[in-house]
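Structure first, then comments.
Values below: every heavy atom of this structure, side chains too, minus hydrogens, waters and symmetry copies. Within every chain, numbering begins at 1; the chains are lettered A, B, ... in the order of the sequence lines, protein sequences first and strands thereafter.
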Amino acid sequence: MPQYQAVKGTRDIFPEEVARWKYVEGVVDAQASLYGFSEIRIPVFEYTELFQRGIGSTTDIVGKEMFTFQPDPKGRSLTLRPEMTAGVMRAAIQNNLLASAPVHKLYYMGELFRKERPQAGRQRQFSQFGAELLGVSSPAAVAEVITLMMEVFRSLGLQRLKLRINSLGDADDRLRYRVALQNYFSPFADILDDASKERLEKNPLRILDSKNPALQELIAGAPKLYEYLSEASVQDFEKVLFYLKERTIAFDIDHRLVRGLDYYCNTAFEVTSSELGAQDAIGGGGRYDGLARELGSSTDVPAVGFAVGMERLLMTMEKQALFDVVAPQAPLVYVVVQQQELADHALQMVCRLRNASIKTEIDLAARSMKAQMREANRIKASYALFVGATELTTGLYSLKNLATSEQTMLTLEALLELLGESAAGMQLQP
RNA sequence: GUGAUUGUAGCUCAGUUGGUUAGAGCGCCAGGUUGUGGCCCUGGAGGUCGGGGGUUCGAGCCCCCUCAUUCACCCCA
């Protein structure tokens, strides 16, 4: 056991895997841009109250999962961001973004922190990308956000994802439904588990989320949310579904989908991957018209957004073998030095090549030729370029094609021309 | 926070009812080829068997504690 190791629930990402992340990030950038979303970057920590107000004090995230700290005894409590939406909304309100234009379409990528017990698909530091559409939450806006999310998945080649969707109703609907639920569950309070008992008072909707087998029958008999939706809410939901059908986005209506964050209203959705194990939600989101007011905005800011877990996305892609196309770029030429007296000259060669944008590598440890060649082979260089006594006296350099083992002697000019062409040719490949 | 699981070389793992100097494959380094890689052959480095305590003549194997891992619950991305 090494003295120092990564903190529980965190991990290192090594170069081979970084290439995969960059590939996914590139697709996110491209798709978000196509849909007219611009990237926003916000602080990694905020005042704790922001999350307490924004996410909701009854949620597990706020209740037991936040990394909270106090910079000094008199300082205000700070918290590492456990999600992005509250911070993005805070940034929008603070900078009065909506005054400059009525609608803002923002996307983000970044690390989040939640103090949960790690397991497959769950870490204490993890990454999400997501989008927030501020200023409108019309069915068209909701559909736009869902479409963007699904398009990212499609562009990456993901298969067998399941989109579930539900309407939670507006504030009035939820209030009426909440009362109905409390009336229904109260007589059974002694049957409920501790968590559900607590929710009975604070947030009875979430009792429906429980997977406790003992409660399933009771939950099945509970009043249905959709029976309490107003005509306007139903029509709003139907319109969202209409848009999705029009775009041939497959979905399942799931009346039990509630989602854990307090701020959602009306449409809520979640995407799951069958490849993931117990933690199978790869992305989710919904409408949150009330959040801005909750955070002190003087005006209403209707909004809708989604977030996707990067690690879970990458895991699913791995399982579906979607990374074959992402190969690390090997150096084109490896400069091999015959004897150490020629090392300085060889380094000059390396500079010449690199200045010509030719990817070049050289041994910096003064190792034997055999070792240098082995290294060239190991890193899959295309060519070995020899620098020895002969080259120095004749001005002709030996260039060996490591795939074919063919070797030719060239002037420096011819060398630059040939390798320059090869480099250009390589760049054309995906 | 609860439950279970697993900790032996850089990696993947063997290690027989507790019994001499703890092994293999891959990887790494070097030599076989003092101007040339891959394949092959030979050799080498690398382990306080997660840590601590206990039982025993003797512990990688048994017992206790502890740390860490993984998976699941809860919940979420």
Closest to the side chain of A:R367, out of B:U36, B:C74, B:C29, is B:C29
### Query
Per the atom types in the model, does the base of B:U36 pair as donor or acceptor with the side chain of A:K400 at under 3.5 Å?
yes
A:E270 CD to B:A77 C1', in whole Å, measures 9 Å
Taking a pair to mean Watson-Crick or G-U wobble geometry with both distances below 3.5 Å, B:G31 pairs with B:C41
Take atom CZ in A:R352; do more than 12 heavy atoms of anything else shown fall under 6.0 Å from it?
no
From CZ of A:F126 across to P of B:C75 the rounded distance in Å is 17 Å
Subject >> Interatomic distance at C1', B:G51 relative to B:G25, whole Å >> reply: 29 Å
Next on the checklist: Treating A:Y397 as the side-chain partner and A:G388 as the backbone partner, does any N or O pair qualify as donor plus acceptor under 3.5 Å?
Outcome noted: no
Here the distance between atom P of B:A77 and atom CD of A:E83, to the nearest Å, is 8 Å
Rounding to the closest angstrom, what is the interatomic distance between B:U66 and B:A4 at atom P?
14 Å
Whole-Å distance, A:K380 NZ to B:G38 P, equals 14 Å
* Which whole number of Å gives the distance between the P atom of B:G10 and that of B:G46? -> 11 Å
- Please work out if A:I282 contacts a base, only the sugar-phosphate, or nothing of the nucleic acid, heavy-atom cut-off 4.0 Å. sugar-phosphate
* Assign A:A384 to base, sugar-phosphate, or nothing according to its heavy-atom contacts below 4.0 angstrom with the strands shown. => nothing
For atom C1', what is the distance between B:C71 and B:G7, given to the nearest Å? 15 Å
For A:E46, the side chain to side chain donor-acceptor pair (under 3.5 Å) test, sequence neighbours excluded, returns A:R90
Of B:A77, B:U36, B:A68, the nucleotide closest to the side chain of A:Q5 is B:A68
Here the distance between atom P of B:C71 and atom CE of A:M315, to the nearest Å, is 7 Å
* Could you go through the salt bridge (Lys or Arg N to Asp or Glu O under 4.0 Å) check for A:E294 and A:R53 one step at a time? => CA-CA 7 Å; A:E294 193 69 31; A:R53 296 289 304 207; 3.1 Å; yes
Checking only heavy atoms, does the side chain of A:R122 share a donor-acceptor pair with the base of B:C75 at less than 3.5 Å?
yes
- Message: Parallel, tilted or perpendicular, judged at 30° and 60°: which one describes the rings of A:Y226 and A:H255?
- Response: tilted
Of B:A72, B:C74, B:G37, the nucleotide closest to the side chain of A:K64 is B:C74
I'd like to know if A:N377 reaches the base of B:G38 with its side chain such that a donor and an acceptor end up less than 3.5 angstrom apart.
no
Mind checking if A:Q372 touches a base, just sugar-phosphate, or nothing, with heavy atoms under 4.0 Å?
nothing
Per nearest nucleotide of RNA chain B, the residue lying toward the 5' end, A:Q279 or A:A6, is A:A6
- NA contact type, A:Q123, heavy-atom cut-off 4.0 Å: base, sugar-phosphate, or nothing? base
Side-chain contact check for A:K8: nearest option of B:A77, B:C28, B:U69 is B:U69
Among the nucleotides B:G38, B:A30, B:C73, whichever has the atom closest to the side chain of A:S405 is B:G38
Ranking A:V7 and A:S398 by the position along RNA chain B of their nearest nucleotide, the one closer to 5' is A:S398
Tell me whether the OP1 or OP2 atom of B:A72 has a side-chain N or O from A:Q119 closer than 4.0 Å. yes
Given the C1' atoms of B:U42 and B:U33, what is the spacing between them in whole Å?
14 Å
Between CZ of A:R124 and C1' of B:C75 the distance, given in whole Å, is 14 Å
Re B:A24: Watson-Crick or G-U wobble partner, both distances kept under 3.5 Å, found to be B:U12
_Salt bridge flag under 4.0 Å for residues A:E318 and A:R20_ = yes
Q) Which is true for A:G130 with a 4.0 Å heavy-atom rule: it touches a base, it touches only sugar-phosphate, or it touches nothing? A) nothing
Per atom distances to the A:A371 side chain, the nearest of B:G3, B:A30, B:A77 is B:A30
Give a yes/no answer on whether the side chain of A:Q338 brings an N or O atom under 4.0 Å of OP1 or OP2 in B:U34.
no
Integer angstrom distance from the C1' of B:C26 to that of B:A9:
12 Å
To the nearest angstrom, the CG-C1' distance between A:D60 and B:C73 comes to 12 Å
Item to complete: Answer with yes or no whether the side chains of A:T267 and A:S167 bring together a donor and an acceptor at under 3.5 Å.
Response: no
For the P atoms, the ones on B:A59 and on B:C63, what distance do you get once it is rounded to whole angstrom? 16 Å
- Please measure how far the P atom in B:G54 lies from the corresponding atom in B:G15, and state the result in whole Å. 29 Å
Counting any heavy atom closer than 4.0 Å, what does A:R117 reach on the DNA or RNA strands: base, sugar-phosphate only, or nothing?
base
Between CZ of A:R374 and P of B:U33 the distance, given in whole Å, is 15 Å
Residue set satisfying side chain to side chain donor-acceptor pair (under 3.5 Å) with A:S155, at least two apart, ordered chain then number -> A:Q31
| message | Applying a 4.0 Å non-hydrogen cut-off, can you work out what A:E116 is touching in the nucleic acid: base, sugar-phosphate, or nothing? | response | base
Which of B:G37, B:U36, B:A72 is nearest the side chain of A:M369? It is B:U36
Using Watson-Crick geometry (N1-N3 plus N6-O4 or O6-N4) or G-U wobble (N1-O2, O6-N3), each under 3.5 Å, B:A68 is paired with B:U6
